[in-house]
Amino acid sequence: MSCSNEVLIEVKELKKYFPVRGGLIGGKKEVLKAVDGVTFSIYKGETLGLVGESGCGKTTVGRTILKLYSPTSGRIIFDGDDITDLNDRQMRPYRKRMQIIFQDPYASLNPRMTVGDIIAESIDIHNIAKGEERKAIIYDLLNKVGLSKEHANRYPHEFSGGQRQRIGIARALAVNPEFIVCDEPISALDVSIQAQIVNLLEDLQDELGLTYLFIAHDLSMVKHISDRVGVMYLGKLVELAPSDELYDRPLHPYTRALLSAIPIPDPDATQQRKRIILKGDVPTPINPPSGCRFRTRCPIARERCAEEEPVTKDFGGGHMVACHFVE
Amino acid sequence: MDKVLEIRDLHTSFFTHVGEVKAVRGVNIDIYKGEAVGIVGESGCGKSVTSLSIMRLVPSPGKIIKGEIYFNGEDLLKKSEKEMQRIRGNRISMVFQDPMTSLNPVYTIGDQLMEPLRVHKKMDAKSARQQAIELLKAVGIPDPERRFDQYPHEFSGGMRQRVMIAMALSCQPELMIADEPTTALDVTIQAQILELLKQLKAEYNMSIMLITHDLGIVADLCSRVIVMYAGIIVEQGTTKEIFYDPKHPYTWGLLRSVPRINMLSKKRLVPIDGQPPDLLKPPKGCPFMPRCRYAMKICKEQSPELYSVSETHKAACWLLDPRAPAVRWDKEEVNFR
Ligand SMILES: Nc1ncnc2c1ncn2[C@@H]1O[C@H](COP(=O)(O)OP(=O)(O)OP(=O)(O)O)[C@@H](O)[C@H]1O
Ligand SMILES: Nc1ncnc2c1ncn2[C@@H]1O[C@H](COP(=O)(O)OP(=O)(O)OP(=O)(O)O)[C@@H](O)[C@H]1O
Ligand code: SF4
Ligand code: SF4
Ligand SMILES: [Mg+2]
Ligand SMILES: [Mg+2]
């Protein structure tokens, strides 16, 4: 992959809090800290993988970067421009350049629109093409994602889960974006189509110089597609490293647990392996633990972990870790 | 061993404006008490429609057009809707593939979890609440008391999925059908859910029909695997038979396309090229023929019969006919082992 040294996305101390309904203890409104101070960059042409426990804030990071959620604080810089405080109108030129493929292929497609119209939605919004030209683009996109042009006049409910996700990908590609947040784009697909889609995403990246934020649970696939991988835990980025480095030399105790739990598609091997099973309470982002957020489940936590939040340090070659006791 | 489920020659179609989509075309499945069976196969091959048929929840314009589905010996296709309501969510439960559309956005998570307990188990509000909170805890939802009164959109994708699992387990079903139950879960939570399922299987003799594309989960949880393609079963066997000695070219392709964690990270993945057949007009021969590199003349003309490889292992492929040329599965190409 040919990723440059030029930064496309820069996220600084990004926070996104959600209000909690009814949470008025002592008159103070409670908040859910979905993303709580996350800093990273994505280079042009790079794929940055993002993994972590369900509910740790991955989707929220992706959606906040695209300003689908307004950030609580922090900065988002896109191609040198600070877009944090732009209003909807000011965001318009950027919208076309950044797209998202959603996690839930069911909820994200309008059931009353034909597949062709869904794919062409942004083309229509941005007035990119009309008539025959528009049709040609739709057919080309359907073909790119492994569907056929006969599908353009059908409705989303006529498709299986995997087929719907391909429609979502075609829609994201329609406006020739530079940056795509892929929010679990392949979770709903069967493995052979996962391979097709991942190859497709890689080809498109080579061809068009696309930059991806790739959110997924399938760590083998994340490793395969990403140049670097970030690991999140409860609203924080706890480790970030080049892909092979992270898998060969995980340093954060949470990353280690995560890697040890990867399902192995081999019945004998899976019976023999040792998993690090995390014990202890799963904390809540409404009231996260003091100090290090992982300490309630960390197998090597000590007193200091409750008192002091670990700062993120570089352990060489851009391998960033936030833990007091990295060996 | 007793069978909890016995499906005989199931055919389910969708009567759309362009014609009849033959989604399930003669499927036979047995599931024994206390066992977990994995169902794998390409997107659109009819896994969900098969499970919806068992629940008698095939959406219109879909219709079960033929077959029998015995649950503990009773044909579900002969039951009234009222009788089905007493079975669904109670004796047979299902985790649906789409967690967002199967949770009702206008009711709180807690209300939705308590409903089956109140309806089927006749619990009062207080004990239903207590039980529901226990269930949320069991599936790893932090701070369940507070989460109880939230609405589905306030939950992350994986949390919604866990709510669906909790709901499916709430009445201790004899059979749980889980359609891609862990796609939105990270591996640590997934491991926890798999442990929970194993435990329920052992303790209550619960049977599980697990639909998934994650072969790692199948290897971990299931003792048998059924491989579907274009509305039919093309191969079935014990998990070891399918993983170590697969016989159908589609299964070979499936195993080959899985990336493995210790494989070189930039090695290109090997998908199965081409598309599955259009189920509006399924081919008369082997449905995998256009994508099969071993296809022979007969494959196009006649659909293969189900050959027995062992007592437990069967595959529908002409290569298993004694007259066919010997073809070996190239293990080297598989990314694991
Ligand atoms: N619109 C919202 N309103 C209130 N809370 C929300 C909203 N969206 C997300 N949250 C909360 O923010 C936290 C992070 O959610 P997010 O969807 O970002 O997690 P995630 O890492 O993508 O999880 P998953 O892997 O399950 O998709 C969760 O606790 C979730 O309940
Ligand atoms: N409401 C419907 N109208 C028309 N065709 C449908 C409908 N629902 C499903 N189908 C068709 O039935 C076939 C089987 O679909 P099904 O949802 O069972 O696939 P699946 O194996 O579960 O796939 P996935 O892995 O993508 O979930 C598909 O070809 C699909 O297009
Ligand atoms: S800082 Fe402490 S609790 Fe946190 S990961 Fe490191 S050792 Fe564990
Ligand atoms: S029957 Fe023929 S076409 Fe079908 S899988 Fe076997 S060899 Fe290939
Ligand atoms: Mg998410
Ligand atoms: Mg399905």
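Below, chain A is the first sequence line, B the second, and so on; all start at residue 1. Bear in mind that the values here come from a model prediction, so they are computed numbers and not experimental data.
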* Measure from NZ or CZ of A:K16 to the centre of the six-membered ring of A:F18, then state whether that distance is under 6.0 Å and the direction lies within 45° of the axis. => yes
* Hey, does the Lys NZ or Arg CZ of A:R164 hover above the aromatic six-ring of A:F159, less than 6.0 Å from the centre and inside 45° of the axis? -> no
* Quick one: are the ring centres of B:Y151 and B:Y107 less than 6.0 Å apart? -> no
* Asked: Looking at the rings of B:Y229 and B:H248, which for Trp means the six-membered one, are their centres under 6.0 Å apart?
  -> no
Under 4.5 Å heavy-atom distance to chain B, tell me which part of [X] shows up: side chain, backbone, both or neither.
X: A:L219; answer: both
X: A:D203; answer: side chain
X: A:L32; answer: side chain
X: A:I286; answer: side chain
X: A:Q271; answer: side chain

* Asked: Based on non-hydrogen pairs under 4.5 Å, which of B:T212, B:L185, B:I217, B:T239 is most in contact with chain A?
  -> B:L185
* To do: With a 4.5 Å cut-off on heavy-atom pairs, point out which of B:Q192, B:R162, B:E195 contacts chain A the most.
  => B:R162
* **Heavy-atom pairs under 4.5 Å with chain B, option from A:T284, A:N199, A:I276 with the top count** => A:N199
Quick one: what part of [X] sits under 4.5 Å from any heavy atom of chain A, side chain, backbone, both or neither?
X: B:D214; value: side chain
X: B:I189; value: side chain
X: B:S48; value: neither

* Side chains of A:D183 and A:T59: is there a donor and an acceptor less than 3.5 Å apart? -> yes
* To do: Could you tell me whether the side chains of B:R25 and B:T12 share a donor-acceptor contact shorter than 3.5 Å?
  => no
* Among B:H213, B:R291, B:K47, side chain to side chain donor-acceptor pair (under 3.5 Å) partner for B:E42 -> B:R291
* To do: Using the side-chain hydrogen bond (donor to acceptor under 3.5 Å, both in side chains) rule, take A:H151 and A:Q163 through it: C-alpha gap first, then chi angles, then the decisive distance, then the call.
  => CA-CA 10 Å; A:H151 290 129; A:Q163 291 168 322; 5.1 Å; no
